Amino acid sequence: MANPKIKSSAQNAKKSNATASRKPARKSLYSKADLEEIFRRFSVQRPEPKGELEHVNPFTLVVAVALSAQATDAGVNKATRALFAVADTPQKMLDLGEERIRDYIKTIGLYRNKAKNVVALSEKLIRDFDGEVPQTREELMTLPGVGRKTANVVLSMAFGQATLAVDTHIFRIANRLLLAPGKTPDEVEQRLMKVIPNQYLYHAHHWFILHGRYVCKARKPECERCVIADLCRSPEKTCDIPAPLMELPPQLIGAAD
């Protein structure tokens, strides 16, 4: 005869596990109205935000974003201006060769490995995509040196798709503001996609980057210059009074980080 206590414990454990699996996701600290207002203010401040990596076509954008890993946009721009002047297509890049590519980008961190990737991705574009940059995330991520972040940047900036590339600035902002906390970029991306209002999704990537670069800085956030200071839930916040909301002057693409 089965021990009723053992049976009861097993049933309770099974019930507990089922309850745990149905546990609702953690509720956001920001209401729907808060989120709408945050992105509305960003849209007033920067109606048409732009990426700060210089490029002339989708191919040079792929190369620039791949080179920007562990490097500043300003540093990449300085190196690629001369490079793209002589090699703005996969074939021209191959004709230039790995050694000469290294000479152009040697001021960028990890330049040796990045030069190899530029050659390899150029070869793959010619071999598998007729020299054209593909327009799906899955295909872009087959290119050497191109991960999910790079693919999302290219889809957004080159092809006008509403994607969200979680870079260092966005990862920090999402966690600091407790807007979409996560331990990995993929986790932060998934949570941000759920909280950003659809009508603001296309520009959200650049709003976050520019906000993190110029206001909510890594070492010390400049809360007195923040237009969402009153809405921010960050424990690091030093000011509750939002900065005056006004449109900023046009961006100077290529400015220092």
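Remember, predicted model here, so these are calculated numbers, not experimental data. Residues take their numbers from the sequence shown, with the count starting at 1.
Remark: the backbone N or O of H55 is not paired with any side-chain donor or acceptor of T60 at under 3.5 angstrom. Judged by distance alone, the side chain of R225 and the main-chain N or O of P242 form no donor-acceptor pair under 3.5 Å. D34 places no side-chain N or O within donor-acceptor distance of the main-chain N or O of L231, the cut-off being under 3.5 Å. Remark: the backbone N or O of R148 is not paired with any side-chain donor or acceptor of E189 at under 3.5 angstrom. Without hydrogens or angle criteria, K237 side chain to A229 main chain gives a donor-acceptor distance under 3.5 Å. Looking at K149, its side chain never comes within 3.5 Å of a backbone N or O of L164 through a donor-acceptor pair.
By the criterion of side-chain heavy atoms lying less than 4.5 angstrom apart, applied directly or through intervening Ile, Leu, Val, Met, Phe, Trp or Tyr residues, L179 is not grouped with Y202; the two fall into different hydrophobic clusters. Under the 4.5 Å side-chain heavy-atom criterion for Ile, Leu, Val, Met, Phe, Trp and Tyr, F59 and V56 are members of distinct hydrophobic clusters. Both L178 and L35 are assigned to one and the same hydrophobic cluster, defined by single-linkage of ILVMFWY side chains at heavy-atom distances under 4.5 Å. When the side chains of ILVMFWY residues are joined at heavy-atom separations under 4.5 Å, either directly or via intervening members, I196 and V44 end up in a single hydrophobic cluster.
Between F39 and F208, the ring planes are perpendicular. Angles over 60° get that label, and only those under 30° would be called parallel.
Smallest separation of non-hydrogen atoms from S43 and W207: CA-CZ2, 3.3 Å. Among all heavy-atom pairs drawn from K183 and F171, the shortest one is O-CZ, 3.6 Å. The two atoms that bring Y214 and R46 nearest to each other are CD1-NH2, 4.0 Å, heavy atoms only. Heavy atoms only, all atoms of each residue included: E54 and F84 are closest at O-CE1, 3.8 Å. Minimum interatomic distance between A64 and V76 (heavy atoms only, all atoms of both residues): O-CG1, 3.8 Å. Closest of all the heavy-atom pairs between L67 and I108 is O-CG2, 3.6 Å.
Classification of E52 and R213 as a salt-bridged pair holds, one side-chain N sitting under 4.0 Å from a carboxylate O. Salt bridge R102/E98: present, at least one basic N to carboxylate O contact under 4.0 Å.
The shortest distance between side-chain heavy atoms of R191 and K194 does not fall below 4.5 Å. Looking at heavy atoms from C-beta onward, V153 lies out of side-chain contact with T150 at the 4.5 angstrom threshold. Taking the side chain as every heavy atom from C-beta outward, K92 and D88 approach each other to under 4.5 Å. Using a 4.5 Å heavy-atom cutoff, the side chains of L155 and R137 are in contact. Under the 4.5 Å side-chain criterion, counting only non-hydrogen atoms from C-beta, M246 is not in contact with V227. In this structure the side chain of C216 reaches within 4.5 angstrom of the side chain of L177, judged on heavy atoms. Using a 4.5 Å cut-off on side-chain heavy atoms (C-beta onward), S68 and V65 make contact. Side-chain contact check for L83 versus M93: some heavy-atom pair is nearer than 4.5 Å.
Taken from CD1 in I228 to CZ in R41, the straight-line distance is 8.0 Å, to the nearest 0.5 Å. Separation of atoms CE (M193) and CG (N198) is listed at 8.5 Å; rounding is to 0.5 Å.
In this structure, R233 forms a cation-pi arrangement with Y30, its terminal cationic atom sitting closer than 6.0 Å to the ring centre and no more than 45° off the ring axis.
Considering H203, H211, H206, H205 as possible partners of F42, the one that fulfils the ring-ring contact (aromatic ring centres under 6.0 Å, His included) test is H211.
Side-chain atoms of E139 and T136 include a donor-acceptor pair closer than 3.5 Å. E123 and Q91 share no side-chain donor-acceptor pair at under 3.5 Å.
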